[in-house]
Number of protein chains: 2
Amino acid sequence: MSKATIDDVARLAGVSIKTVSRVVNREQNVRESTRDRVQRAISELNYRPNLSARNLASLRSHLIVLVYDDPSAYEIPSGGYVIRMQQGVLRACGAADYELLIHPCNYRNRNATDKLHALIDQVRPDGIVLAAPLSNMPRIVKAIADKGTPMVRLSPGKENGGQFTVVTNDREVCAEMTRYLVSLGHKRIAYVTGHPRHKAINNRFQGYKDGLKQSGLPFSEDLVIAGDNSFNSGEAGGDSLLSQENPPTAIFTANDDMAAGVIRAADRRGIDIPGQLSVAGFDDIALARQIYPSLTTIRQPLSQMAEVAAEALISDPGDGSKLKGTSVVPAQLMIRESTGPAPGD
Amino acid sequence: MSKATIDDVARLAGVSIKTVSRVVNREQNVRESTRDRVQRAISELNYRPNLSARNLASLRSHLIVLVYDDPSAYEIPSGGYVIRMQQGVLRACGAADYELLIHPCNYRNRNATDKLHALIDQVRPDGIVLAAPLSNMPRIVKAIADKGTPMVRLSPGKENGGQFTVVTNDREVCAEMTRYLVSLGHKRIAYVTGHPRHKAINNRFQGYKDGLKQSGLPFSEDLVIAGDNSFNSGEAGGDSLLSQENPPTAIFTANDDMAAGVIRAADRRGIDIPGQLSVAGFDDIALARQIYPSLTTIRQPLSQMAEVAAEALISDPGDGSKLKGTSVVPAQLMIRESTGPAPGD
DNA sequence: AAATCTTTTGACAACGCTGTCAATTGAGTT
DNA sequence: AACTCAATTGACAGCGTTGTCAAAAGATTT
């Protein structure tokens with residue numbers, strides 16, 4: 001039932017509240033002996049500084065906000081994505097006695113920016129971690145920047161809007177995946193693109209093309225199908241590709257959901273994976289390990305990216321000195337069962 | 001760049017700050033005309049009350065905390081579960097201008113309760129939504145209750161620890177699923193149990209037994225396999241059941257992950273689902289709709305439960321009058337492709 | 001021992017709001 | 001018109017911190 005305040009601690013330790021404040025905030029110039037005395041009083045009373053009072057009196061709120069595309073706007077919540085980012089931010093918060101407030105943001109909504117403004121005005125967070133695809137929407141970025149709240153963008157591309165941005169090497173790693181498929185003997189490697197709204201999607205497609213070029217293979221429009229990131233569009237794309245006269249021996253998709261769709265399409269046609277067809281995705285969603293065959297894919301280091309972002313916000317002294325440039329956290333190839341040597345190779 | 005304060009609004013509207021406060025808090029006894037004037041000033045200045053100041057001055061913090069078992073403690077984050085609860089709480093928060101703070105709690109950790117206490121002391125939330133399985137751990141419940149913070153427990157069972165509890169009818173709905181399988185002609189219906197730590201798991205098992213009894217079918221230990229909620233344990237359980245001399249024609253598992261494992265085991269043996277084997281799970285994770293055949297399962301109304309919980313906390317006037325008893329939100333059977341008539345029926 | 005400088009400490013005013021309680025206003029009565 | 005009572009409004013003191021600035025205490029130099 002404790003609700004010890006700084007006054008209680010000061011009284012018990014026989015010092016002024018200001019000195020207690022100094023100890024709590026790890027300030028310089030407190031005699032070792034008094035610091036000890038205060039520390040003892042703090043733990044005896046189980047004192048914890050009230051966040052609201054701190055926030056009100058100082059410029060730091062000890063609050064980080066994670067803003068991400070509202071998953072409830074989709075039929076199937078792509079929860080894994082969000083959870084992993086949350087975990088990353090929470091790791092950084094936990095290490096620094098910060099708390100995390102979450103704010104799904106539906107950018108399709110007219111009042112999305114109003115809500116962001118309201119949030120910022122009301123809670124005055126020390127920083128905002130802005131997830132993709134919002135991090136690539138000028139309207140959203142501007143809404144936050146206008147308020148002057150420190151922000152870190154999580155982005156799959158290299159582009160930088162002036163704020164500190166944590167990125168992955170989507171393009172490079174997709175080229176790597178493509179080269180890997182080539183190294184298995186595949187010559188006809190198809191690609192299913194995703195929803196062009198996501199910047200990442202283009203980077204991945206570029207990476208696919210880079211990989212072909214680097215391997216000396218020709219790029220062919222016939223082997224590219226437009227999907228929209230959904231399982232269903234992957235299934236449709238797979239159907240379309242596999243019904244060609246000269247079907248591809250490998251299909252690389254811009255995300256795992258679509259890869260799962262491709263696998264289902266192949267399943268229904270009795271096509272063996274990876275014997276007759278190799279399939280690779282992107283994301284490493286939980287499903288990737290659970291389907292049969294398990295899916296070769298690319299894992300975005302979402303949780304590390306979010307952690308790096310939150311750390312930067314927390315450790316910034318307030319002048320933005322830690323919030324400059326770009327930090328690259330590399331993605332990783334996850335080779336599993338769905339890819340294998342090209343048939344007859 | 002707005003940072004209008006209540007003083008600015010008061011000045012512009014030509015009233016005292018107290019009157020502005022009254023308007024903001026929708027108090028009675030403000031003349032219509034002054035209310036209008038204040039409202040106009042508020043929207044002109046884009047004023048939003050500072051949350052910390054409110055929190056400090058009043059007993060309400062406009063903050064809800066969602067506490068759940070730390071999913072990062074597992075290998076495969078069971079994110080869907082958490083996301084859905086978050087969505088429910090957020091719905092209630094959005095409707096009432098509340099913010100959501102999330103707090104994963106690793107109960108295996110010695111200092112889990114300390115962290116909870118720290119959180120409560122620091123942010124003084126208006127309420128805590130406590131998710132299962134934490135909601136059934138006396139140590140955790142007590143840690144929160146000791147601080148006097150209003151709390152609502154989300155629980156799969158009927159038990160009630162003295163706090164307001166939002167529950168599902170796990171047991172009843174599992175009996176219903178069992179009866180449904182019987183109605184399809186199945187006589188040998190196996191069951192894969194989950195990790196006994198979760199109270200829900202026992203309720204589900206009881207429901208399975210209830211269903212058998214209600215259908216006049218005998219219960220047999222031979223048809224029960226112990227799993228641990230993981231995909232792998234489901235696969236192992238499936239293998240074991242399907243290698244019996246007289247294998248079951250239907251397998252009901254305590255969660256979807258294990259059901260997916262069973263399906264994989266059947267796949268590998270070339271057993272057709274639902275032709276030769278019906279499989280039913282519990283949870284309705286995203287995977288359930290994505291695998292082939294799609295999974296018949298039971299959907300917990302997690303998001304509604306969380307919403308009901310948060311609403312109760314938000315609407316409680318502070319005397320706990322809204323925080324009594326138990327509220328049941330029924331779960332729902334999701335009949336899909338993985339169940340069908342018993343072979344030869 | 002006095003003078004100077006540095007380190008350590010404390011008094012007190014914010015921070016932006018709500019609660020309390022008293023003052024003012026307006027309506028209804030006599 | 002004076003009086004009563006309810007509705008409306010405002011003054012002011014907190015809420016628990018931190019920032020500012022000055023005072024006190026030590027350390028160093030002369």
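Letters go in sequence order (proteins before strands), and every chain restarts at 1. Since the structure is predicted, the reported quantities are computational estimates derived from the model, not experimental observations.
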State whether the distance check finds a donor on one side and an acceptor on the other, under 3.5 Å, for side chain A:R48 versus base D:dG16. no
Closest-nucleotide 5' rank along DNA chain C - winner of A:V30 and B:P49: A:V30
Return the nearest nucleotide to the side chain of A:R31; candidates are C:dT9, C:dG10, D:dT18. C:dT9
Using whole Å, what does the distance between atom C1' of nucleotide D:dG26 and atom CD of A:E32 come to? 17 Å
Check the distance between D:dT9's C1' and B:I6's CD1 and give it to me in whole angstrom. 14 Å
Does B:S16 put a side-chain nitrogen or oxygen below 4.0 Å from OP1 or OP2 of D:dA11? no
Would you say D:dT18 has OP1 or OP2 under 4.0 Å from some side-chain N or O of A:S58? no
I'd like to know if B:K324 pairs up with B:D316 as an ion pair, taking the criterion as any Lys NZ or Arg NE/NH1/NH2 lying under 4.0 Å from an Asp or Glu carboxylate oxygen. no
Could you tell me whether the side chain of B:R22 has a donor or acceptor atom within less than 3.5 Å of a complementary atom in the base of D:dG10? yes
So does A:R139 have more than 12 non-hydrogen atoms from other groups sitting under 6.0 Å from CZ? yes
Side-chain N,O (B:N29) to OP1/OP2 (D:dA7) below 4.0 Å: no
Interatomic distance, A:N55 CG vs D:dT17 P [rounded to whole Å]: 13 Å
Of B:A53 and B:S33, the one whose nearest nucleotide on DNA chain D sits closer to the 5' end is B:S33
A:R124 atom CZ is separated from D:dT18 atom C1', nearest whole Å, by 16 Å
Round to a whole Å and report the spacing from CG of A:N50 to C1' of D:dG14. 14 Å
B:T19 side chain N/O closer than 4.0 Å to the phosphate oxygens (OP1, OP2) of D:dT9? no
Phosphate oxygens OP1/OP2 of C:dT18: is one of them under 4.0 Å from a side-chain N or O of B:S21? yes
Say whether B:R54 and B:N25, considering side chains only, have a donor N or O and an acceptor N or O under 3.5 Å apart. yes
Ion pair present between B:D8 and B:K3, side-chain N to carboxylate O less than 4.0 angstrom? no
Which part of the nucleic acid, if any, lies within contact of A:N25, taking any heavy atom under 4.0 Å across all strands shown: a base, the sugar-phosphate backbone alone, or nothing? sugar-phosphate
Calculate the interatomic distance between A:I17 atom CD1 and D:dG16 atom C1'; express it in whole Å. 8 Å
Expressed as a whole number of angstroms, how long is the span from B:R60:CZ to C:dG19:C1'? 15 Å
Closest approach to the side chain of B:K18, judged atom by atom: which nucleotide of D:dG10, C:dT9, D:dT17 is it? D:dG10
Tell me yes or no: between the side chains of A:S303 and A:R91, is some donor less than 3.5 Å from an acceptor? yes
Start at the 5' end of DNA chain C and walk down; is the nucleotide closest to B:L56 or to A:V15 reached first? A:V15
Does D:dG16 have OP1 or OP2 sitting under 4.0 Å from an N or O in the side chain of A:S52? no
Between B:K3 (NZ) and C:dC17 (C1'), how many Å, whole number? 17 Å
By the 4.0 Å heavy-atom rule, please label B:V24 as base, sugar-phosphate, or nothing. nothing
Are any side-chain N or O atoms of A:N109 and backbone N or O atoms of A:N111, one a donor and one an acceptor, separated by less than 3.5 Å? no
